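First the proteins, then the strands, lettered A, B, ... as listed; each starts at 1. For clarity, every value in this text was computed on a predicted model and none was experimentally measured.
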Amino acid sequence: MTTTTTAGTFRAYSRHIALGDTVIAYSSPKTITYITVTADGEFCNSYGGFPHSSMIGKEWGSKMPSKTGKGFIYLLYPTPELWTLSLPHRTQILYQPDISFVTALLDLRPGVKMIEAGTGSGSFSHSIARTIAPTGHLYTFEFSRDRYEKANLEFSEHGLGDIITIQHRDVCVDGFDMSDMVDAIFLDLPAPWDALGAAKRAFKRKKVGRICCFSPCMEQVLKTCTALKELGFVEIQMYEVLLRPYDVRKVQKRSFPKLGDAKKGNAGAEKKRKAAEAVSDSDVPGGEKTSGEDHTTTLHVPLNEELITSKPQAEVRGHTSYLTFATLLPQELPVRR
Amino acid sequence: MTTTTTAGTFRAYSRHIALGDTVIAYSSPKTITYITVTADGEFCNSYGGFPHSSMIGKEWGSKMPSKTGKGFIYLLYPTPELWTLSLPHRTQILYQPDISFVTALLDLRPGVKMIEAGTGSGSFSHSIARTIAPTGHLYTFEFSRDRYEKANLEFSEHGLGDIITIQHRDVCVDGFDMSDMVDAIFLDLPAPWDALGAAKRAFKRKKVGRICCFSPCMEQVLKTCTALKELGFVEIQMYEVLLRPYDVRKVQKRSFPKLGDAKKGNAGAEKKRKAAEAVSDSDVPGGEKTSGEDHTTTLHVPLNEELITSKPQAEVRGHTSYLTFATLLPQELPVRR
Amino acid sequence: MVEMAEKMEVDTPETTQSETPEGVPNLPSALDIPDIVDDGAIIAENSWAIVQMPSDNTKLVQFKANSVVNLGKFGSFHAKDLFGYPFDMPYEVYGDKQVRPASMNIYALDAFDLETEEGTTNKDLVDRREAQKLSQVEIEQMKADSLKGQVPVENLIKTIVENSETFDKKTEFSKAKYIKRKQKKFSKVFTPRRPSARGLCEHFFKDNPRRICELRVDTLSQILTTGNVRSGARYLIVDEAGGLLTCALVERMQGRGEILQLHDHETNNVDLIKHLNLPPSIHNVLKSLPWTRLTPNDDEDMENMLIRTTDETRLDRLRHRILTTRAKRALLYAGGFDGLFIISQYDIKEIIETLSPYLAGSRPVVVYSPYKETMLESFLHLRNSRDFVNAQLTESWIREYQLPTAASGTHPLMRMSGSGGYILSAIRVIDCETHAATARRVRVKNGKVAEVKSTGEEGVEQEHA
Amino acid sequence: MVEMAEKMEVDTPETTQSETPEGVPNLPSALDIPDIVDDGAIIAENSWAIVQMPSDNTKLVQFKANSVVNLGKFGSFHAKDLFGYPFDMPYEVYGDKQVRPASMNIYALDAFDLETEEGTTNKDLVDRREAQKLSQVEIEQMKADSLKGQVPVENLIKTIVENSETFDKKTEFSKAKYIKRKQKKFSKVFTPRRPSARGLCEHFFKDNPRRICELRVDTLSQILTTGNVRSGARYLIVDEAGGLLTCALVERMQGRGEILQLHDHETNNVDLIKHLNLPPSIHNVLKSLPWTRLTPNDDEDMENMLIRTTDETRLDRLRHRILTTRAKRALLYAGGFDGLFIISQYDIKEIIETLSPYLAGSRPVVVYSPYKETMLESFLHLRNSRDFVNAQLTESWIREYQLPTAASGTHPLMRMSGSGGYILSAIRVIDCETHAATARRVRVKNGKVAEVKSTGEEGVEQEHA
């Protein structure tokens, strides 16, 4: 009825934190880091220390006070998306809206065999692994040795070694060295057109294949489209996806100052009439200067009438990348029964 | 205290419809046409006839029944924007969001001298004239003889002859034949780069000039930018502007079916219990098939609790054009006092 | 290929959900399902397909053994002729209701001799009718030949374009539009797409958006990621979008894990799932419980029930129904679910308050609505609650482009979808100051308290009256 | 040029609104204002400017005769040195608080020898610090020379770039960013922009969006077009956006026409207008009336008023104030306005109901709010009212691009504004079935009825107690 923990937190949900697990230390939506739980480790932030030993056995999602009691963190389960948010930005990461949409349009699901190049921070690799596990496989390629080594270690620490194979390789020069093997390909490369020939060979010959090229600039898109077309890819489509986050707040409903209120003698108008009647010192035409904020004296504000309003956040992400998708039709027609 | 009517409806607001006025016949947001009021004319739609003579003297905005009394139209004043909506689409027109934004970013206001090419349907020309009148001037150029003649006639019929000068000319080949004359230039041409040299000459030499090129495709933008840069234009910026229209409707607030309601005996659950107790014919596990729409039997819906909701219209305009703006700095530095 | 195709059977959730009628039913959980990614790629008898026509419209069709599939003006064909062929590639109708894989040349059409000529403008072409050198009779003859399969469609179109006198004077954009129009008129090429949650979403969003609560494909994709949907997990779901979200979950779980659906009425309306062409075993992950049965009803009180029948088969069915309901309720109360997904017309806040106690710690709640206003109060509730962190309210935005491969310039499509709906999400947390470390008291609406032990891997339900 | 500059005087609305104190004041209307488009293009004593700094930040500055303008780390200069020079072109700070027109080369910088090299990637450059051949001492010396005016800034930056060892290995994007960074560090070039409603909108949207109700420039531009704003027309306005909308109207009217503002308190807060550098005559189009004086107050009842002073000057002022107020109220009641513009925190529906009777037929009402929810009820009201057609609720969307002229690829900017607010609009119509053709009864809130004759060009107010 409940899932059992396999090696590595990332492979499946568990109920409680165990030694060796990756834990997301969540303080606020903007303050998210990750911890690998060791027997005698301690996580520290400005509010004090959080011993790893006290984390073990706690339910995921628990609120944990610091030793000093001054602050707390939430111990969150490392979904690929939270893990991505917790990364120090080593390289440009893929954002969740793109990851989600690419996953949908490449028809990723358990069992899919797939290529990714480059691996980068491994952020999308984790998402892919989550979606194609337990029966699919990801072949991911990274040009930078540093990043390759870091990602390779992470995949195995996270229990994804049997789902992900990573290679250190410049695919634009050396290709993938794979043929008739995969259902889907994702290319996040500065010059994806150099890898498209090799990509075509890697697709299963009797299946329909889907590819996505991720490029920030329009010039790259134009070149990619030309190359895709020349290689016989069809249904070339290009999209942009963005998320618009909203802020929500309650505002006081202010009723309009009633005409003729001055006559009926509300406090503000009363005050003004008296001032006017006196005509002593403050007799500038137009009268008293009131600050722009102080509306209370002249208005009837019915109390407690609130309206919940929302509006998009002031500054939002305006662009991540253009997502160019294409289909490769079966290169061998399957034999009909 | 009120404005007086000058020759031509478009020049200034008037209070009442007069002979010769252009009237917008408004039936619905999607059914908008224009009428030029003649002594014995009649406007007809599917609801019957509307004699022009009955329009004369009516206040702008009046609701006018057809002779048969079966339908009605509103007699609206021809703002440039309503007039644009009333045009049969002879050629691609500029939409209001672009018109508004270009007007703002070219700093149009009364007194501005300006070039437009091509004139097209004259839709933007009318907007420009509205904004730069009474002291500004628009020089507009049209390549097609048909459209030139049509627009020329319209400008004079609309009383804009002293604000707008139209010429029949291929500006990409023959330029504008103007120098040191204008503050702003708007180019809606398939190949604006061919007209940029002439445009540069047309700008006032001692003033800062502003230009906007309107191009639907990215390829045009890239070429335009290169040309602008080579000619010494600065502050090259490119924008897209769109409007997102919202639909608003009230929805019934539905309260969640209370747990345990079945016990407390609300009508729907009662009915079901009886049906279940009987266990006679409809004893398929899961029971009665109810249509997806019919929620009323099982739910407690507090009456009259309504929520006003809004959402963007299902299909909206997704692109009109890229708007490329640039500044031309004074070509002669003004002498300082 | 053939074997795979033969294994396929279409089955609706109704028939697959019936359990063995003896004793307390074991809620089946399918753990060792073979990899079905490849199986579904071949068209088989009774397969559903989303047929994409030359007009780009789509149609949801079931390929029955004896049926003739009618694509309207694009022709019709015998469904069985496609059995054993792959989904997702182009086929061509020809002759007398015949069908065959289409020539790949159809894709080459949109680019042929359309080199870019920037100088050409459409200034002088407005209002001019097309001039065609071929007579109507000649065109009709070619159409007939094409239909019989003697002339490939792309040749037909090419001939017509080459005989257009106005074609050369058109701008690139007009040329592309012209060819597209001719394609739509003459081509009989269609693509039977394998139904997926994505495909169904795209189809219904165009065809009947209300059926799926106007849920757009990019928004659906965000829901799945935000909800960390994966094979083997256990989800709670309220799906009033015709079952589209359920389809998406089932597809990403591929037979491993568990989905408990809360719904109105006695049966659950997740109609769309039948289109997925899934083997029956896949449906075993699905269980459903009506809202009205979250607490025991009188009709489950078999001892005190007025029973009019003595038919043992019927009594067995009654017993089985009651026991199944109890088992499902126990499943809910056991809690520890890995995600809560909500698409509902009901008060979202009430649903969250009712179901979130059954979510395990650090698991997401994800709510979708086409109307932002219906979620604002819930957003404030989640943001201020001690039981949730990271409350977010977002709207997905998507833009598709016309590409240079279509032989005219590159720009966003002139028409776009205005709205794909809004997503509200948050992560369930355990505030140790209010929850005991080992057991947490769950307040159920009617005043009962269910105590859920969460020390072991198994949640144990202990109901107190 | 010089003459024009000397004509310029900065004047605030407060001082220009004072009228002659004798008898019933003639509300001034300025009909023969000279064309001021050209006048304002030159910097004069007391001119306001929106100074754009090398960082692209802007600062609102008044150039007083004796003031030193301080641009922070970008230096400072004597304001009077710019008098007589045009706005909107680049100037350079050098030497000891000196200033001069900048060399045009500054604009050439961002492109110099940055040919496109697609092969280069940033794979191996991550985390590597910049390597510079010049010593810090050499750089400081060049900076000092540049400051004294001996080395142009663009040469300084070019030298630094050429001596960077890592520069060649950077991607195009990184190169552009690098140069931009150096420009910001060393350049002392700024552009004093002539304030306009657009400029003020852009400045405050970045600097202090609350001051202008988060009204974005594209939204402002839509308001003006939707409202058919033009010279010579007469508008009613409620502007709680610091006067920004009023600025925009004034600018588009250039002294011809009339603006009647309804506002809180006794004085109107349209502060921003002083920054427009307008001649005093322009302000004559502006009149304002507080909400509380829409009907006569007791303090206008001079006959029954307790007067404590015998000072004739004061009594004259009092009389004048009362008569002015009455004249403005008469102006409102005369009706026939050409547009109603509303930015207000009050209930929008109430404002529309109160003021729309004074709109002439076929004239627009345009409402702005940063919160859509505050306008939903009004939208339904306008859509269902017999007095309005074409009700629309829209949101403007704007996207800026990075262009290839910046030496890297073309794409939308990575950050964008999330919201520029919402516009509600409709057109006032005359439903002949409910309104008499020649006179229409205007129901005023406190039960009084004002009858407005609309047969002639002049609206005549006839108040009945």
Side-chain angles (χ1 to χ4, degrees), chain A residues 1-4 12-13 15 26 29 59-63 74 76-77 79 81 96-97 99-101 103-105 107 109-112 127 130-131 133-135 183 207-208 218 222 225-226 229 232 234 236-246 248 250 308 310 329-330 333-337, chain C residues 1-2 5 35-37 41 84-86 88-89 101 104 107 111 196 198 217-218 220-222 224-225 228 230-233 251-252 254 334 336 338 360-362 372 376-377 379-380 389-390 392-401 403-405 410 427-432 454 457-459:
Chain A
M1 207 156 291
T2 41
T3 51
T4 50
Y13 269 127
R15 212 47 195 274
Y26 178 100
E59 188 171 350
W60 287 108
S62 293
K63 184 173 177 176
Y74 290 97
L76 298 191
Y77 176 84
T79 66
E81 289 68 34
Q96 183 173 339
I99 284 178
S100 308
F101 190 66
T103 300
L105 262 73
D107 290 324
R109 57 180 74 172
V112 162
S127 292
R130 182 253 323 270
T131 305
T135 46
D183 304 288
K207 292 277 159 62
V208 172
M218 185 54 84
L222 300 181
C225 287
T226 308
K229 181 114 196 167
V234 297
I236 304 170
Q237 286 181 306
M238 195 268 274
Y239 296 91
E240 277 182 283
V241 185
L242 290 172
L243 269 200
R244 199 183 192 199
Y246 281 85
V248 178
K250 288 188 178 176
I308 308 183
S310 62
L329 293 179
L333 264 191
V335 185
R336 234 195 127 202
R337 67 167 147 175
Chain C
M1 208 61 66
V2 174
D35 181 3
I36 62 156
V37 167
Y85 277 113
D88 296 314
M89 51 169 275
M104 283 293 292
Y107 286 100
S196 60
R198 161 166 87 98
V217 66
D218 52 319
L220 175 60
S221 79
Q222 307 301 339
L224 300 177
T225 308
N228 195 31
R230 61 154 59 144
S231 190
E251 202 173 75
R252 292 270 173 107
Q254 295 283 318
D338 294 322
S362 198
K372 179 159 50 87
L376 296 183
E377 208 187 333
F379 176 84
L380 290 178
V389 294
N390 209 27
Q392 294 187 330
L393 179 61
T394 60
E395 180 186 13
S396 183
W397 176 89
I398 188 174
R399 202 173 201 199
E400 188 180 349
Y401 281 73
L403 286 172
T405 52
T410 304
I427 298 171
R428 175 100 166 88
V429 291
I430 316 287
D431 189 336
C432 304
S454 56
E457 288 297 314
E458 298 268 344

Once rounded to the nearest 0.5 Å, what's the spacing between atom [atom1] of [X] and atom [atom2] of [Y]?
X	Y	atom1	atom2	answer
A:Lys250	C:Glu377	NZ	CD	7.0 Å
C:Arg198	A:Phe101	CZ	CZ	8.0 Å
A:Thr135	C:Gln254	OG1	CD	7.0 Å
C:Ile427	A:Tyr77	CD1	OH	12.5 Å
A:Trp60	C:Ser362	CH2	OG	7.0 Å
C:Leu224	A:Ile99	CG	CD1	13.5 Å

Which atoms of C:Gln392 are under 4.5 Å from chain A, going by heavy atoms: the side chain, the backbone, both sets, or neither?
neither

Structural part of C:Leu376 lying under 4.5 Å from a heavy atom of chain A:
both

Tell me whether [X] contacts the main-chain N or O of [Y] through its side chain, where contact means a donor paired with an acceptor under 3.5 Å.
X	Y	value
A:Tyr26	C:Val389	no
C:Gln222	A:Pro97	yes
A:Arg109	C:Glu251	no

Of the listed residues (A:Asp107, A:Leu222, A:Thr131), which shares the most heavy-atom pairs with chain C below a 4.5 Å separation?
A:Asp107

Between [X] and [Y], what is the shortest heavy-atom contact and its length?
X	Y	value
C:Ser396	A:Leu243	CA-CD2, 3.6 Å
C:Ser231	A:Pro110	CB-CG, 3.9 Å
C:Asp88	A:Leu329	O-CD2, 3.6 Å
A:Met218	C:Tyr401	CE-CE2, 3.9 Å
C:Gly336	A:Arg15	CA-NH1, 3.4 Å

Side chain / backbone / both / neither for [X] at chain C, heavy atoms under 4.5 Å:
X	answer
A:Val248	both
A:Tyr246	both
A:Gln96	both

With chain A, the option among C:Asn228, C:Leu393, C:Thr394 that has the most non-hydrogen atom pairs under 4.5 Å is C:Asn228

Could you check whether any side-chain heavy atom of C:Thr225 comes within less than 4.5 Å of a side-chain heavy atom of A:Thr79, counting everything from C-beta outward?
no

